[in-house]
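Only one structure is covered here, and it is reproduced in the block below.
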Amino acid sequence: MKKILCLIFACVLIMLSAVTASAENVSKFNLKLATEDDTQAVLILDFDGGTPFSGLDFNVVVNEKKAKVASIVDGQGLVNFKVQAEAAVSQSNIESNPAMVTAAMIPGYRNVDGSDLFKITITKLEKEKLTSEDVVIEVTNCVDNNFQPIKASVTTELGKGTEAEKSTEASSATDKTEPDSTTEVSTTDLTENTSEAETDKQELTENETQSEEKAPNKTAIIIICVVIAVAVAGSVAFVVIKKKKEG
């Protein structure tokens with residue numbers, strides 16, 4: 001029974017190790033739209049992180065009814081990396097269908113100053129904007145530093161607007177202020193409200209005046225109370241003194 005449990009435990013560990021290794025050994029790429037007009041579009045293929053790669057082969061598949069590959073050149077990120085790499089080469093063939101790109105380098109690629117690997121210029125055959133179905137990146141080979149095959153993941157931002165449009169939208173969202181909550185009041189309503197306020201004020205003043213006239217003078221009341229108290233005290237004192245004398 002112990003041997004069976006140990007065997008099962010070992011198999012679970014091996015499976016978990018395989019899952020972890022496969023999750024880590026993935027190079028991530030992202031295709032985004034830099035600029036676009038009615039006749040041309042410029043796309044950028046970025047290295048979006050993951051496992052550094054030493055070899056990469058991919059095809060640029062386009063919708064031939066709407067687009068055609070005009071050129072594929074190194075992006076600024078790849079140019080900067082080549083300056084520091086021990087060895088790095090890249091080549092493209094836009095005459096083939098689909099267009100093909102290959103790259104090899106030692107050590108594995110990493111983002112040095114910029115993530116743009118390749119700049120792909122597309123000639124548009126229609127004025128409609130490109131979508132994720134019109135230009136597709138198919139990775140045919142991807143290897144790590146040891147030239148062992150690894151997985152490649154490619155995401156696309158086509159159909160979500162260009163980088164310039166995104167910057168404009170972000171600026172617009174930042175500059176947008178909250179609507180003014182002050183309610184506009186017409187001149188007529190304002191005049192009526194002012195008249196009503198003055199009328200209420202006059203009524204309040206009249207009521208206060210009437211209240212003051214009706215209300216007894218507090219000072220007079222106090223004086224009267226004091227006089228009465230003095231008179232009572234004097235009477236009591238007189239009676240007491242008279243009794244003492246009679247006694």
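Of all heavy-atom pairs spanning Leu130 and Ala67, the tightest one is CD2-CB, 4.2 Å. Of all the heavy atoms in Pro98 and Asn59, the pair that sits closest is CG-CB, 3.8 Å. Contact between Ser54 and Asp144 at its shortest, heavy atoms only, is CB-O, 3.3 Å. For the pair Ala41 and Leu33, the tightest heavy-atom approach, listed with the atom from each and the gap, is CB-CD1, 4.1 Å. In this structure, Val60 and Ile137 approach most closely via the heavy-atom pair CG2-CD1, 3.9 Å. Closest approach of Tyr109 and Gly114 over heavy atoms only: OH-O, 3.8 Å.
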Test Ile120 against Ile122 for side chain to side chain contact (heavy atoms under 4.5 Å, CB included), laying out the working first.
-> CA-CA 6 Å; Ile120 306 170; Ile122 302 294; 3.8 Å; yes

Determine, stepwise, if the pair Lys82 / Asp74 fulfils side chain to side chain contact (heavy atoms under 4.5 Å, CB included).
-> CA-CA 10 Å; Lys82 284 183 176 181; Asp74 293 347; 2.6 Å; yes

May I have the step-by-step check of side chain to side chain contact (heavy atoms under 4.5 Å, CB included) for Thr102 and Asn141, ending in yes or no?
-> CA-CA 9 Å; Thr102 182; Asn141 180 48; over 6 Å; no

With side chain to side chain contact (heavy atoms under 4.5 Å, CB included) as the test, would you mind laying out the steps for Val42 and Lys119 before giving the verdict?
-> CA-CA 7 Å; Val42 177; Lys119 182 170 73 171; 3.6 Å; yes

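Under the 3.5 Å distance criterion, with hydrogens and angles disregarded, a donor-acceptor pair is assigned to the side chains of Asn30 and Glu157. Checking Asn97 against Glu64 by side-chain atom types alone, a donor-acceptor pair falls below 3.5 Å. A donor and an acceptor atom, one from each side chain of Asn80 and Gln84, are nowhere located under 3.5 Å apart.
For Phe58 and Phe29, the ring centers are positioned 6.0 Å apart or more. Side-chain rings of Phe47 and Phe81 stay apart, their centers remaining 6.0 Å or farther from each other.
When the side chains of ILVMFWY residues are joined at heavy-atom separations under 4.5 Å, either directly or via intervening members, Val143 and Val154 end up in two distinct hydrophobic clusters. Hydrophobic clustering (side-chain heavy atoms under 4.5 Å, transitive across Ile, Leu, Val, Met, Phe, Trp, Tyr) keeps Leu158 apart from Val61.
Surrounding NZ of Lys28 are at most 12 heavy atoms belonging to other residues, nucleotides or ligands under 6.0 Å away. Counting non-hydrogen atoms of neighbouring residues, nucleotides and ligands closer than 6.0 angstrom, the NZ atom of Lys66 exceeds 12 such neighbours. Annotation: Glu126, atom CD; neighbour count of heavy atoms from other residues, nucleotides and ligands within 6.0 Å is above 12.
With respect to Ile44, the side chain to side chain contact (heavy atoms under 4.5 Å, CB included) criterion is satisfied by exactly one of Leu117, Leu31, Asp116, Thr35: Asp116.
Distance CG/Asn63 to NZ/Lys68: 14.5 Å, rounded to 0.5 Å. Interatomic distance, Leu45 CG to Leu43 CG, rounded to the nearest 0.5 Å: 9.5 Å. Put simply, CG on Asp134 and NZ on Lys65 are 11.5 Å apart, with the number rounded to the nearest 0.5 Å.
Looking only at side-chain heavy atoms (C-beta outward), Ser92 and Phe118 stay at 4.5 Å or farther from each other. Using a 4.5 Å cut-off on side-chain heavy atoms (C-beta onward), Asp57 and Met100 make no contact.
At least one donor-acceptor pair under 3.5 Å links the side chain of Ser27 to the backbone N or O of Thr51.
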